[in-house]
There are 2 protein chains.
Amino acid sequence: MAANRRPTLADVAREVGVSAKTVSRVLNEDGPVSAQTRKHVLAAVAKLGFQPNLMARNIRVGGPDTTIGLVIPDLANPFFGAVARAIEDTVRERGLTLLMGSSADDPDRERALTDKFLARRVSILFVVPSVGADHSHLKSHRTAGLPVIFLDRPGAGLATDSIVSSNRAGAHDGVAHLIAHGHRRIGFVGDLPLKLYTRRERLAGYRSALQEADIPYDRSIVINAHDQQGAEAATSRLLDLADPPTALFAGNNIVALGIVAELARSKRKHVAVVAFDDVSLAEALEPALTVVAQDPEEIGRTAATTALSRLDGDRSRARTITVPTRLIVRGSGEQPAPGTRGA
Amino acid sequence: MAANRRPTLADVAREVGVSAKTVSRVLNEDGPVSAQTRKHVLAAVAKLGFQPNLMARNIRVGGPDTTIGLVIPDLANPFFGAVARAIEDTVRERGLTLLMGSSADDPDRERALTDKFLARRVSILFVVPSVGADHSHLKSHRTAGLPVIFLDRPGAGLATDSIVSSNRAGAHDGVAHLIAHGHRRIGFVGDLPLKLYTRRERLAGYRSALQEADIPYDRSIVINAHDQQGAEAATSRLLDLADPPTALFAGNNIVALGIVAELARSKRKHVAVVAFDDVSLAEALEPALTVVAQDPEEIGRTAATTALSRLDGDRSRARTITVPTRLIVRGSGEQPAPGTRGA
DNA sequence: ATGAAAGCGCTAACAA
DNA sequence: TTGTTAGCGCTTTCAT
């Protein structure tokens, strides 16, 4: 029951009566080893329950560790979960293991995580950059060959690869869809903070769609929320305005949940809605929720393949890869605007 | 631009003109250091951009690394995402970092992940055990002091702490709710594989509720699905039976999505539904979805605190902690059974 | 208050 | 085919 020291290479070597290096050779299929000793070594490994210390190995071999670091805002957000899964699936065949952490969109927490990951000599660093975070401290690592990839948003202070959704075009298309169905008073419920890249881009898309239709931009129906509860409250406030919007555009998946929940509770199903980012059960709602779907799998996959090609020596210029969004029309965008024939 | 060697403790020492040990002392707030040298060392650290190699440190210090290993079936499943976040939040203050991987419920992948984590000398191992996986290989690690915690399901071949939901009682309550509203023909759509612990427990709860109401168990309306599409198809098949169920019990969150989607598509809103595990937008559906909610945050938190107390020397017997579920009545369970006054 | 030497577990580079 | 030596970057131990 004692907390016995775990067996080392030397223990195995002693057990078999060979040198440590021979055991090492067997385990790593390094140099030549006779079938005999090989068998004995493996037997001893099994007997002692030896497991090589990967950290010790790594220290000696030098170079990056076979881990990748992944910093996302929230492990429980399905969008980032899907991105993470796609990354893992892509790097797994290279034997890389995921080191993960949630930043909660806090620059300090993000920095603490990246520092830890760097101290562990990760092979790749994937970061969803928090608003206000500066990444210039990663510059030396990048020039030293560490692939650094920004996900979902570009990072500040460092020129490196970024994988983002087509936020502006996607939002534009979603809002244009509402306009096409007769809406001229379209509320925008965005996420927070205001400086968040995705929020700004999506708001820009919203504005450009309005502009194309000669609809003036009205700040009083642009509102923000940080979580589902906030979005519910925001929705309620918007609809209680003297001149309420007849349609709403949701700036992200969490906001969409809030809007839909609030409309359902207050029985205001007549309000048209389009959401940025798909949510589960969207098609089961009444009306079914029309969304500008992101492609988290593609984002993760692209991020991973980009990083791996960097790891393989690709020194070309930093790229920003935009992963297309897709308007999925399900009905909620077609709730007729008052005084319209429903289109 | 060259891939320069990263600075080491020795580099910093040389820069300052002190010994490596002195630098080490400063960085770890170990022995006494004069304010002078301390300042110089920190300056040099900043100047060189030195970051201590955590692996080298760990190798020398011995003992477990400041990482925890977490094996879950699917990073993108919001239930496991929520569990993971709660674990991370709890262990973060101890300075522990998350090493994560998806097993896809495949015993081989699970084993590969745990082996990797063990080779990295994780401080704690959290595993959602796959069906068919044997965990006796973890025995020696556990007796050597490594906390091993099973999540969501008990593991096989190893007596250690498990944190599970009150699956049986929860399912019983959900089904009893349907029975209370007049249903006697209640379909069970469970997940796969059939041997999955949660499926068996929830099915047992279903059966006990039926039994209490003297409703015979009818295998023909117990059906299984692995993913949302499968659940949709299964639902369709159930409802196309000559004597279809008037109510459905969903065995997990994914199955619930399938059932709800299929009922919405086929316009069979009259079918009553209760789902095990909450899903987002449940309250926005029509009717709103009644669920037996799990508490993933509490599961994660409990798992983490249990593990930490083990780490702190708690050698008491292995416990199985059951986290209560909660029936959240929202309406879908009250769709009247035909020939009933709606209760 | 600081340093020198040894060593953590492993492998690179050489020898035999 | 196998072993020996040295050393990865750090900390421990013991000196000074």
Side-chain angles (χ1 to χ4, degrees), chain A residues 3-42 44-45 48-66 115-116 118-123 144, chain B residues 3-42 44-45 48-67 115-116 118-122 144:
Chain A
N4 274 318
R5 197 177 51 79
R6 312 208 19 197
T8 72
L9 250 202
D11 294 326
V12 177
R14 199 170 311 117
E15 173 84 15
V16 184
V18 295
S19 81
K21 178 66 211 182
T22 299
V23 179
S24 169
R25 275 195 265 258
V26 171
L27 264 46
N28 297 298
E29 296 177 339
D30 204 10
V33 184
S34 84
Q36 272 297 321
T37 51
R38 184 184 165 70
K39 211 179 62 184
H40 291 151
V41 166
L42 292 175
V45 164
L48 299 183
F50 168 74
Q51 255 168 330
N53 186 324
L54 237 52
M55 292 186 293
R57 167 173 223 286
N58 205 262
I59 253 267
R60 176 66 254 231
V61 172
D65 187 19
T66 58
D115 279 352
K116 267 193 188 150
L118 292 171
R120 292 186 176 279
R121 306 299 189 256
V122 293
S123 291
Chain B
N4 274 319
R5 198 177 51 79
R6 316 217 6 206
T8 73
L9 250 202
D11 295 327
V12 177
R14 200 171 309 119
E15 174 83 15
V16 184
V18 296
S19 79
K21 176 66 215 185
T22 299
V23 179
S24 169
R25 275 195 265 257
V26 171
L27 265 45
N28 298 299
E29 295 176 341
D30 206 9
V33 185
S34 85
Q36 273 297 320
T37 51
R38 184 186 164 68
K39 211 180 60 182
H40 291 151
V41 165
L42 291 175
V45 164
L48 300 182
F50 169 75
Q51 256 169 328
N53 185 323
L54 238 53
M55 292 186 292
R57 168 172 223 285
N58 204 262
I59 253 268
R60 177 66 252 234
V61 172
D65 188 18
T66 58
T67 51
D115 279 351
K116 267 195 187 146
L118 292 170
R120 292 186 176 280
R121 305 298 189 256
V122 292

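Here is the naming used below: chain letters follow the sequence lines, and residue numbers restart at 1 for every chain.
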From the list [options], which nucleotide is the closest neighbour of the side chain of [X]?
| X | options | result |
| --- | --- | --- |
| B/Ser34 | D/dT11, C/dA1, C/dC10 | C/dA1 |
| B/Asn53 | D/dT13, D/dG9, C/dC10 | D/dG9 |
| A/Leu9 | C/dG3, C/dC10, D/dT12 | C/dC10 |

Min side-chain heavy-atom separation A/Ser24-A/Leu9 under 4.5 Å: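 In short, these two side chains touch, coming nearer than 4.5 Å.
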Note, B/Arg25 side chain near B/Arg38 side chain (heavy atom, < 4.5 Å):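 Not touching, per the 4.5 Å side-chain cut-off.
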Donor-acceptor contact below 3.5 Å, side chain A/Asn58 vs main chain A/Leu54: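 Checking the backbone N and O of A/Leu54 against the side chain of A/Asn58, no donor-acceptor pair under 3.5 Å is found.
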Is any side-chain nitrogen or oxygen of [X] closer than 4.0 Å to OP1 or OP2 of [N]?
| X | N | answer |
| --- | --- | --- |
| A/Ser24 | C/dC10 | no |
| A/Ser19 | D/dG3 | yes |
| A/Thr37 | D/dT2 | yes |
| B/Asn58 | D/dC10 | no |
| A/Thr22 | D/dG3 | yes |

Between [N] ([atom2]) and [X] ([atom1]): distance, integer Å:
| X | N | atom1 | atom2 | answer |
| --- | --- | --- | --- | --- |
| A/Gln36 | D/dT1 | CD | C1' | 13 Å |
| A/Ile59 | C/dA12 | CD1 | P | 13 Å |
| B/Lys21 | D/dA15 | NZ | C1' | 14 Å |
| B/Arg120 | C/dC10 | CZ | P | 14 Å |
| A/Arg5 | C/dG7 | CZ | P | 14 Å |
| B/Asp30 | D/dT13 | CG | C1' | 12 Å |
| B/Arg121 | C/dG9 | CZ | P | 9 Å |
| A/Leu27 | C/dG9 | CG | P | 16 Å |

Atom of B/Val41, atom of B/Val16 and distance for their closest heavy-atom approach: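 Closest approach of B/Val41 to B/Val16: CA-CG2, 3.9 Å.
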Residues B/Arg57 and B/Thr66: side-chain donor-acceptor under 3.5 angstrom: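 Per modelled atom types, B/Arg57 and B/Thr66 side chains form no pair under 3.5 Å.
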A/Arg60 (side chain) and C/dG9 (base): donor-acceptor pair under 3.5 Å: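 Checked by distance alone, the answer is no.
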A/Arg25 (side chain) and D/dG3 (base): donor-acceptor pair under 3.5 Å: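 Between D/dG3 and A/Arg25, which were checked side chain against base, a qualifying N/O pair under 3.5 Å is present.
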First of B/Ala56 and B/Gly17 reached from the 5' end of DNA chain C, by closest nucleotide: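 Whichever sits nearer the 5' end wins; that is B/Gly17.
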Given DNA chain D, 5'-ward residue of the pair B/Val23 and A/Ala20, judged by closest heavy atom: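 Result: A/Ala20.
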